[in-house]
Asker: 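Dropping the structure in here first, questions after.
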Protein chains: 2
Amino acid sequence: MSKHLVRYTKMQSFTEENYLKIIYHLSQNNEGSVQTNAIAEKMQTRAASVTDMLRKLSEKELILYKKYQGAHLTPAGRQTAINVIRKHRLWEVFLVEKLNFKWDEVHDIAEELEHINSQELVERLDEFLAFPKNDPHGDPIPDKNGNFDFVPFIKLSKLKKDDRGLIMGVSEHSSAFLKHLEKLGLTLGKSLTISTINQFDGSVEITVEEKKISVTREIAKHILIRI
Amino acid sequence: MSKHLVRYTKMQSFTEENYLKIIYHLSQNNEGSVQTNAIAEKMQTRAASVTDMLRKLSEKELILYKKYQGAHLTPAGRQTAINVIRKHRLWEVFLVEKLNFKWDEVHDIAEELEHINSQELVERLDEFLAFPKNDPHGDPIPDKNGNFDFVPFIKLSKLKKDDRGLIMGVSEHSSAFLKHLEKLGLTLGKSLTISTINQFDGSVEITVEEKKISVTREIAKHILIRI
DNA sequence: TTAATTTTTTAGATTTGTCTAAACATTTAG
DNA sequence: CTAAATGTTTAGACAAATCTAAAAAATTAA
């Protein structure tokens with residue numbers, strides 16, 4: 001009778017998608033080609049495994065790869081990566097807005113959901129969520145054509161004394177980090193002013209809703225501000 | 001120092017979950033042990049592959065298996081299977097109720113979503129959907145303890161002339177079948193009466209909302225009725 | 001500019017889930 | 001009750017993604 005099991009004639013496997021996504025993120029941070037070791041660290045695997053996968057992705061023309069020269073995404077590879085990121089961020093919005101998860105609880109679940117394979121599903125989810133522009137951590141959600149609504153952020157650690165700004169995002173998604181911010185009252189949309197910059201250790205004292213809060217340099221580096 | 005038995009729920013792979021789910025369904029249809037060939041057909045694979053997997057599932061104590069004797073689920077195996085089925089059916093409700101998919105469009109997407117791994121996600125989804133009792137095809141959704149709200153159905157093909165009943169479900173989820181039913185106006189909740197049973201080919205003529213419809217025996221076998 | 005260090009690649013194995021071909025076991029029919 | 005048909009398992013292989021160990025290339029430092 002009917003075929004109940006979906007035959008995975010999928011373009012990319014979960015693993016391939018994860019490699020492309022990581023190569024995309026790494027090439028955002030530092031322009032240029034992405035190194036084998038950097039990928040290995042993010043993928044929690046060995047450099048040898050990365051080399052094998054780079055060769056495979058290169059054969060599929062999703063990346064440009066020359067031995068010892070690192071990797072670059074091709075347009076097709078970038079397209080795939082952005083689509084995975086789009087799905088990840090839309091699912092995060094769903095989890096927070098509809099299922100009442102906290103912003104520090106959604107990353108791992110979205111890591112799984114981002115690989116669900118249905119263009120129709122993504123577009124309907126986007127519509128159901130009223131076409132959100134940002135995910136719960138402030139990251140922009142690309143539209144269905146892969147275009148980002150780019151807003152320039154500045155790291156809190158780069159601000160000067162008396163600068164004012166709005167918290168627009170974070171560049172670190174671990175539960176521990178996000179819970180810490182929550183405890184300090186440093187959530188998206190909050191307005192802050194730099195009171196003091198400690199020259200000794202780079203920590204900053206900021207004022208948020210009339211309260212003074214001290215933040216280490218390491219944390220300040222991961223808080224994104226729009227002035 | 002006390003010896004702590006860490007009881008970690010060993011993650012099953014997608015494939016293992018699909019085998020368990022299929023063994024569960026097959027053992028519902030015909031009581032007793034499930035045959036290798038039957039599993040092979042549903043899994044769209046070869047009997048040899050099934051044998052390998054049965055041995056593996058048996059080692060993990062998810063099934064009872066003796067060579068040439070077929071397979072039975074253990075309580076642990078049944079638990080896993082029912083959990084996958086619960087997720088599948090909840091996601092189907094989500095797709096139809098929230099994302100406006102049609103009942104014939106959701107099966108394949110739910111086949112992927114059912115493997116997403118988060119107990120918290122399932123429970124919150126259940127709550128978000130207001131604890132539905134049945135999926136869009138009428139199948140009962142087990143609660144979080146694995147208990148079904150059992151309602152006895154009769155196949156339309158088993159009804160006698162002049163019997164009346166309500167369409168409560170279908171036992172075939174292919175898009176082609178469901179689209180066909182939709183075209184005939186045979187959707188969940190509709191009331192029908194048997195007008196004629198054709199002795200030659202087993203087809204039945206039924207009356208639904210004052211209209212006479214003829215249905216082949218093959219189709220009638222997959223329509224579930226509550227008298 | 002050699003030498004030491006770091007990074008990357010190769011070679012060979014392993015695991016998972018699959019396959020074909022052939023052997024073996026069970027069931028059914030004459 | 002044997003023989004044929006059906007159903008199941010074994011044996012051996014393969015592709016994907018990973019691993020370790022070791023070789024090779026590139027980079028950095030003395």
Side-chain angles (χ1 to χ4, degrees), chain A residues 3-23 26-27 29-30 32-72 77 80 84 111-112 115 117, chain B residues 10-23 26-27 29-30 32-72 77 80 84 111-112 114-115 117:
Chain A
K3 286 155 191 176
H4 278 263
L5 282 173
V6 183
R7 261 274 155 268
Y8 280 62
T9 35
K10 208 193 296 190
M11 222 125 196
Q12 278 89 36
S13 71
F14 283 23
T15 311
E16 286 172 346
E17 288 186 348
N18 283 333
Y19 270 91
L20 292 172
K21 185 181 61 170
I22 279 171
I23 294 168
L26 288 171
S27 62
N29 298 350
N30 32 328
S33 76
V34 180
Q35 297 190 113
T36 306
N37 263 358
I39 298 169
E41 200 202 313
K42 290 277 182 195
M43 284 292 295
Q44 305 246 81
T45 186
R46 299 309 176 128
S49 310
V50 175
T51 300
D52 289 345
M53 182 56 84
L54 292 186
R55 193 171 296 119
K56 183 180 164 189
L57 292 172
S58 178
E59 267 162 33
K60 293 194 174 188
E61 300 188 8
L62 294 163
I63 64 168
L64 297 174
Y65 167 67
K66 288 243 169 66
K67 287 204 288 188
Y68 298 98
Q69 309 272 115
H72 282 275
T80 301
V84 173
E111 284 290 295
E112 295 192 46
H115 301 292
N117 222 322
Chain B
K10 214 188 250 169
M11 210 259 266
Q12 274 89 41
S13 70
F14 284 23
T15 311
E16 286 174 349
E17 288 187 347
N18 283 333
Y19 269 92
L20 292 171
K21 186 181 60 168
I22 279 171
I23 294 167
L26 288 171
S27 63
N29 298 349
N30 32 327
S33 76
V34 180
Q35 297 190 111
T36 306
N37 265 356
I39 298 168
E41 200 203 312
K42 290 278 182 195
M43 283 294 294
Q44 305 244 89
T45 186
R46 300 309 177 128
S49 310
V50 174
T51 299
D52 290 344
M53 183 55 84
L54 293 185
R55 192 172 296 118
K56 184 179 165 189
L57 293 172
S58 177
E59 268 162 32
K60 292 195 174 187
E61 300 188 6
L62 294 164
I63 64 168
L64 298 173
Y65 167 67
K66 289 243 167 66
K67 285 204 286 188
Y68 297 98
Q69 309 272 116
H72 283 275
T80 302
V84 173
E111 284 291 293
E112 295 192 45
E114 72 188 7
H115 301 293
N117 227 316

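Lettering of chains follows the sequences in order, A, B, ..., and the numbering in each one begins at 1.
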Asker: If you restrict it to nitrogen or oxygen atoms, what contacts under 3.5 Å exist between nucleotides 3-6 of chain D and the protein, and what is each distance?
Answerer:
none

Asker: How many whole angstroms separate atom CG of L54(B) from atom P of dG7(D)?
Answerer: 16 Å

Asker: Tell me the interatomic distance from E16(B), atom CD, to dT18(C), atom C1', rounded to whole angstroms.
Answerer: 14 Å

Asker: Looking at H72(A) and S33(A), what are the two nearest heavy atoms and their distance?
Answerer: NE2-CB, 3.4 Å

Asker: With rounding to the nearest 0.5 angstrom, report the CD1 to CD1 distance, I22(B) to I39(B).
Answerer: 8.0 Å

Asker: Taking the six-membered ring for Trp, are F14(A) and F14(B) parallel (under 30°), tilted (30 to 60°) or perpendicular (over 60°)?
Answerer: perpendicular

Asker: Indicate whether OP1 or OP2 belonging to dT9(D) is found under 4.0 Å from a side-chain N or O atom of T36(B).
Answerer: yes

Asker: In chain order, what residues pass the side chain to side chain donor-acceptor pair (under 3.5 Å) check against S49(B), with sequence neighbours excluded?
Answerer: T45(B)

Asker: Roughly how many Å is it from CG in N18(B) to C1' in dT18(C), rounded to a whole number?
Answerer: 15 Å

Asker: Determine: side-chain N/O of Q35(A) to OP1/OP2 of dT8(C), distance under 4.0 Å, yes or no.
Answerer: yes

Asker: Respond yes when some side-chain nitrogen or oxygen of Y65(B) is under 4.0 Å from OP1 or OP2 of dT8(D), and no when none is.
Answerer: no

Asker: In this structure, how many angstroms lie between the P atom of dT8(D) and the NZ atom of K66(B), rounded?
Answerer: 17 Å

Asker: Side-chain contact test, heavy atoms from C-beta onward, threshold under 4.5 Å: evaluate it for L54(B) versus I23(B) and give yes or no.
Answerer: yes

Asker: Starting at CD of E59(B) and ending at P of dT16(C), how long is that distance when rounded to a whole Å?
Answerer: 10 Å

Asker: Looking at residues at least two apart in the chain, or sitting in another chain, which of them share a side chain to side chain contact (heavy atoms under 4.5 Å, CB included) with K21(A)?
Answerer: N18(A), H25(A), V84(A), I85(A), E111(A), E114(A)

Asker: At under 4.0 Å, does any side-chain N or O of N37(B) touch on OP1 or OP2 of dT8(D)?
Answerer: yes

Asker: For residues M43(A) and M53(A), determine if any side-chain heavy atom of one lies less than 4.5 Å from a side-chain heavy atom of the other.
Answerer: no

Asker: Across nucleotides 18-26 of chain D, 5' to 3', mark each nucleotide with B, S or - according to how protein heavy atoms within less than 4.0 Å reach it.
Answerer: BBBB--BSS

Asker: Please identify each residue that fulfils side chain to side chain contact (heavy atoms under 4.5 Å, CB included) with A47(B), with sequence neighbours left out.
Answerer: T36(B), N37(B)

Asker: Please list, chain by chain and in numerical order, all residues satisfying side chain to side chain contact (heavy atoms under 4.5 Å, CB included) with S58(B), sequence neighbours excluded.
Answerer: I63(B), Y65(B)

